[in-house]
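So the structure is just underneath, and the comments pick up after that.
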Amino acid sequence: MQKLLRYIKGYEKESILAPLFKMLEACFELLVPLVVARMIDTGIKSGNTGTLWGQFGLLVLLAVVGLASSLTAQWFSARAALGYGTALRRDLFHHINTLSYSELDGIGTPTLVTRMTSDINQMQNGVNMALRLLLRCPFIVLGSLIMALLISPRLTLLFLVVTVVISLVIYLIMRATVPTYRQAQNTLDRVTLLTRENYVGARVVRAFARQADEVADFVQTNDRFKQLQIGAGRISALMNPLTYLLVNLAIAVLLIRGGVEVDTGALTQGEVIALINYMGQILTNLLRMADLVISITRALASGIRVLEILDTPTSMPDPAQPTLAPAQDAPAVAFDKVDFTYKGAGAPSLSNISFAAAPGETIGVIGGTGSGKSTLINLIPRFYDASQGTVRLFGQDVRGFGFAQLRRMIGIVPQRAVLFTGSIRDNMRWACPDASDEAIWQALEIAQAADFVRGKPGALDEPVETGGRNFSGGQRQRLTIARALVSKPQILILDDSSSALDFATDAALRRALKKRTNGMTVFIVSQRAAAVQRADRILVLDDGILVGNGTHADLLQNCPVYREICMSQLSREEVEKTL
Amino acid sequence: MSKKISTSKGSASTIRRVLRLIAPYRFLVALTLILAAITVITTLYAPVLTGHGVDLILGPGQVDFAALGQLAVRLVVVVTITAVSQWLMSMVNNRITYQVVRDIRVQAFEHLEQLPIRYIDAHRPGDAISRITTDVEQFSDGLLMGFTQLFTGILTILGTLAFMLSIDWRIALVVVLLTPLSIFVARFIAEHTYSMFRVQSETRAEMTSLVEELVGNEHLVRAFGYEQRAEDRFERVNLDLQSCGVRAVFFSSLTNPCTRFVNSVVYAAVGLLGAFIAIAGGITVGDLSAVLNYANQYTKPFNDISSVMTELQNALACAQRVFDLIDEPPIQPDAPDAKVLHQGAGRVCFEHVKFRYDPKVPLIEDMNLRVYPGQRIALVGPTGCGKTTLVNLLMRFYEIDGGTLSVDDWSINRITRDSLRANLGMVLQETWLKCGTVAENIAYGKPDATREEIIAAAKKARAHSFICRLPQGYDTMIAEDGGNISQGQKQLLCIARVMLRKPPILILDEATSSIDTRTEVLVQDAFEELMKGRTSFIVAHRLSTIKNADRILVMKAGNIIESGTHEELLAKGGFYAELYESQFAKV
């Protein structure tokens, strides 16, 4: 929690002054009933109009000073809250940018987005509210009690009892409704689920003519939701009437006991009115506190969620080495007895992998889902660290490279073709901020994307919408390939990235890659034999074990797993045709 | 100006519709109005009683204990009535609101099931979902607030006025004249902060989309070493948000202190005036305390009503969004004389079929195809060539624009949709499973299937063995996103689902890009088993399937450009031959 408090840094003054001014305002507010009591007791009773005007002036003065201190408090608290949110956001964003793939996998990016946005907003509001009200409400309750004590020590007990009982009632009602509300929330989630399911699955629902059943299910869920809401409402609807009843019972008692006091002269009529006023103040502020507690709890829950991320250290700090020089004659990529187990996984995903890829070689990587293909290539740019063994690039341990150098050396085309909002040019400059248009066009040519980019009215300036949805799947895929090529990396990794291309385009792409990327080491990952068969060498993975390492022809002869894959995709004659 | 009129007209019709929704509960509405009246009157009466109480304790020796005791009892009775009727009112309001909300939600959902697939394809799911969930919730909140605060607010204003007039007309006049000041102040602030709020929410939206994009794709940010640039871009928006946020938060928080200030001044003025009148003997001290109490409370209903108005406007806008969904034209109902097609032989015939998604973009212009029972038709072509369009037409997800499409010699427009679809089994690339158990999913097309039938279907679909390995076997729950089983296993379940129905015609999409080799073999086997003796259309990706087909339809840009067997097409040396050869192109 202290960790979250330190983001107020730079706004300490504001966050002390805001509640102080707020309390000042509260003080003035607490004085009002006393002034009115004086108006009645000395002004009306003695018919002294001078006193009346004096007290009136005092009331207006209190209002003016109250307004001034309240505005000051709001200003400080707005500044502190926004300053807090901004600093926290900045830091969290930076922290997310240091997390490695292991942490990102564990946490999941969608929840990171929520924490960056709505959770921090929630906290910012929480800070604002806390600075303004957290001290003010209890202060007024306490102040009212003190005022009551000053006016009539003997009646203070009544005030204490009322405060305690009302607090207890509020607490009990809140506690009783929380579980029902949670249940209602779950049911509401199910309403959302059913809606989404029926929208996305409309074809299947209709294909099987289940519309009526789906509606029946939906109606049932909604009826349940309604019942839960009504149930929760029944209890929470008690809050206002019950507390109102309690305060007025207390006022009734106050009138009688006050009557006794007034009768003996210990109290004046105006003072009784003041006491009644304080009673009202206590109720209002206790109810306000209940609201406040809910908001603050929500902000705290958000705080905990944000803290979870901030407390996740990166398992892979940037070595920030000066640029490492490649060793002479070393292979571009070499795995030496590499094992890899995902965090929290029971079994290793890669076991004892050793191979070397020379500069300029094209390496195919094939195997079924879960065989470890993606894991293997993810170790090359050091998205993960090997659990055992070493990965070397150009003779140097991959762990020795600074991230910047590493990313420049390696171009990656991920499975999912994601583009970013901006222009095509912005997207092409992702790996290389100062790439020239010439370099970009060259990359687009190789990726077989130049034609359709040229066909767009804006060419390189053509806007890309969120997620690249104004491009077809195949176009997106080619653009992501070009994006990786712009920086002319020494190693290029294509992770199953031609699945959306038709045979002809795919073949043209492979040809262009071969011809125009001189000296580039290329890794092509695929489930399709056709995509890797012409690689210089093919790595065959089965259950995390390297079961084959050779050319297409070699492997067909000597590697049963590879043969099985080929045969499942091509007929015997076709396989022979490839040789 | 004209726009304003049209929106107010629009909201008038929305209000009428909302009222129609509430109409069935008019008894409850009448009840809540009565309860509100009781609550308001008793609530306003309590300060008067307290004031009388104060008048009974004038000073030493001037306390009327007997009357005071009676009065206390009366006070207790009155506040008890208030409390009870307030509680009942809340419950009635809850009941009306939640019932209305349930009704509108069910209505929207029923409509969803009637929407044309064309609409569903054209709109992102998030939109419809948020209409049925979030918008309805917003509407519910607004409605509830309207019920609880609008009527009581108006009654309180009138009641307070009446009570004050009954005490002293001069004080009432001061309160009535001065109170609107605070409303003007509130409105003035709201109007002048609106633009700041807009800037803030625009900046916030900008930040959210930036975060969604960059953090949502954090893997790529890291892979491309984009961190610093990402942080620079973020910092710009972050600072923008800070500076416009401080202003928006501060100025909007002015409303409360400012209205409170006006209130305090009114309070002081009432105090002063009341005191003068009291000295003159016009009112008692107790009356003064009651009036002060009212002066303190008088702005509250005004503020309530103005916030209810905003909330109601918002609620109406949300209701309108739901109504818009409900008003979307539904599918043409089946013709009244539509025939129920029983399990047929599986003959399919396209005659001069014309179809376009976009009336301006030609797609299928004149398609002719005759498929005999048991034939196997492979659909081949580059992505986006219109293979899935055939699925859409056959299943009658989209209506054809011309020509006839018939199944077993019945034009599909002349048979019921449900019976047409019962004749067609479909396994699409995008596997969709319900959030439920494995068994429920397999039996989706035949809810009354016995466990034995389900298991038999699963066995035929080669799904039995993996199902048995799941933690609860056939009773394993499939998570919302199907995350606990693999893509290939999902596809096997979809096959089992069709297997149980035994339709005479099949539509299969073979795309298996995310299935591992071993499961792929199983899926192929299952497909084979399924196709036995059935007419099948296969969106084919695998050469072996294509070659075994009775007929290959090569599609390009929505049209069938070649058709024939594998050998015929190769011999022809056209587009198909080119596609086929590119597989083996030597670099």
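Protein chains get the first letters and strands the later ones, always in sequence-line order, with residue 1 at the start of each. Model, not experiment: these values are computed from the prediction.
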Which atoms of [X] approach chain B - backbone, side chain, both or neither, heavy atom under 4.5 Å:
X	value
A/Val32	side chain
A/Arg132	side chain
A/Val36	side chain
A/Ala202	both
A/Leu194	both
A/Val260	both
A/Ile276	side chain
A/Glu25	side chain
A/Thr117	side chain
A/Gln227	neither
A/Ile40	side chain
A/Phe403	side chain
A/Pro414	side chain

By a 4.5 Å heavy-atom criterion (distance strictly below it), what part of [X] contacts chain A: side chain, backbone, both, or neither?
X	value
B/Leu71	side chain
B/Cys494	neither
B/Gln114	backbone

How far apart are the C-alpha atoms of B/Leu292 and A/Met39, what are their side-chain angles, what is the distance that settles it, and do they pass the side-chain contact (heavy atoms from CB on, under 4.5 Å) test? CA-CA 12 Å; B/Leu292 279 175; A/Met39 246 180 175; over 6 Å; no
On the 0 to 90° scale, with breaks at 30° and 60°, tag the [X]-[Y] ring pair as parallel, tilted or perpendicular.
X	Y	answer
A/Tyr101	A/Phe383	parallel
A/Phe420	A/Trp430	parallel
B/Phe109	A/Phe218	parallel

Mind checking side-chain contact (heavy atoms from CB on, under 4.5 Å) for B/Arg229 and listing every partner two or more places apart, or none if nothing turns up?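 Listed in chain order: A/Pro433, B/Tyr226.
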Results of side-chain contact (heavy atoms from CB on, under 4.5 Å) for A/Thr98 - residues two or more places apart only: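 Result, side-chain contact (heavy atoms from CB on, under 4.5 Å) vs A/Thr98: A/His94, A/His95, A/Thr314.
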Under the side-chain contact (heavy atoms from CB on, under 4.5 Å) criterion, do B/Gln62 and A/Val262 qualify, and how do the steps go? CA-CA 8 Å; B/Gln62 295 171 284; A/Val262 172; over 6 Å; no
Among [options], who wins on heavy-atom pairs under 4.5 Å with chain B?
options	value
A/Ile230, A/Val200, A/Ile412, A/Val253	A/Ile230
A/Leu406, A/Leu255, A/Leu112, A/Val418	A/Leu255
A/Leu242, A/Leu188, A/Ile410, A/Asn48	A/Leu188
A/Thr192, A/Val60, A/Leu58	A/Thr192
A/Leu238, A/Val272, A/Leu249	A/Leu238
A/Glu261, A/Arg90, A/Glu29, A/Arg203	A/Arg203

Quick one: closest heavy-atom pair of A/Asp263 and B/Gly61, and the distance?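 Closest pair (atom of A/Asp263, atom of B/Gly61, distance): OD1-N, 3.0 Å.
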For residues A/Asn97 and B/Glu231, is any side-chain donor paired with an opposing acceptor at under 3.5 Å?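 B/Glu231 and A/Asn97 do have a side-chain donor-acceptor pair below 3.5 Å.
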Indicate whether any N or O donor in one side chain lies under 3.5 Å from an N or O acceptor in the other, for B/Thr82 and B/Thr43.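 Absent: no donor and acceptor within the cut-off.
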B/Arg131, CZ atom: more than 12 neighbouring heavy atoms under 6.0 Å: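 Atom CZ in B/Arg131 is crowded, with more than 12 foreign heavy atoms closer than 6.0 Å.
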Of all of [options], which one pairs up most often with chain A through heavy atoms under 4.5 Å apart?
options	result
B/Ala422, B/Ala230, B/Ser209, B/Gly69	B/Ala230
B/Leu241, B/Leu115, B/Thr134, B/Thr80	B/Leu115
B/Glu218, B/Gln86, B/Met91	B/Glu218
B/Met89, B/Arg417, B/Met395, B/Gln99	B/Gln99
B/Arg247, B/Glu212, B/Glu235	B/Glu235
B/Val106, B/Ile120, B/Thr133	B/Ile120

Do any N or O atoms from the side chain of A/Asn128 and from the backbone of A/Gln124 form a donor-acceptor pair under 3.5 angstrom?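 Looks like no, no N/O pair under 3.5 Å.
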Are the side chain of A/Gln74 and the backbone N or O of B/Ser253 linked by a donor-acceptor pair below 3.5 Å?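 Side chain of A/Gln74 to backbone of B/Ser253: a pair is present.
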Verdict with supporting geometry, A/Phe208 and B/Arg501, side-chain contact (heavy atoms from CB on, under 4.5 Å): CA-CA 9 Å; A/Phe208 291 105; B/Arg501 288 251 282 200; 3.5 Å; yes
Before giving the answer on side-chain contact (heavy atoms from CB on, under 4.5 Å), spell out for A/Gln229 and B/Asn94 the whole-Å C-alpha distance, their side-chain angles and the decisive distance to 0.1 Å. CA-CA 8 Å; A/Gln229 277 182 309; B/Asn94 282 348; over 6 Å; no
SB check A/Arg210 B/Glu113 (cutoff 4.0 Å):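 Salt bridge between A/Arg210 and B/Glu113, a charged N being under 4.0 Å from a carboxylate O: no.
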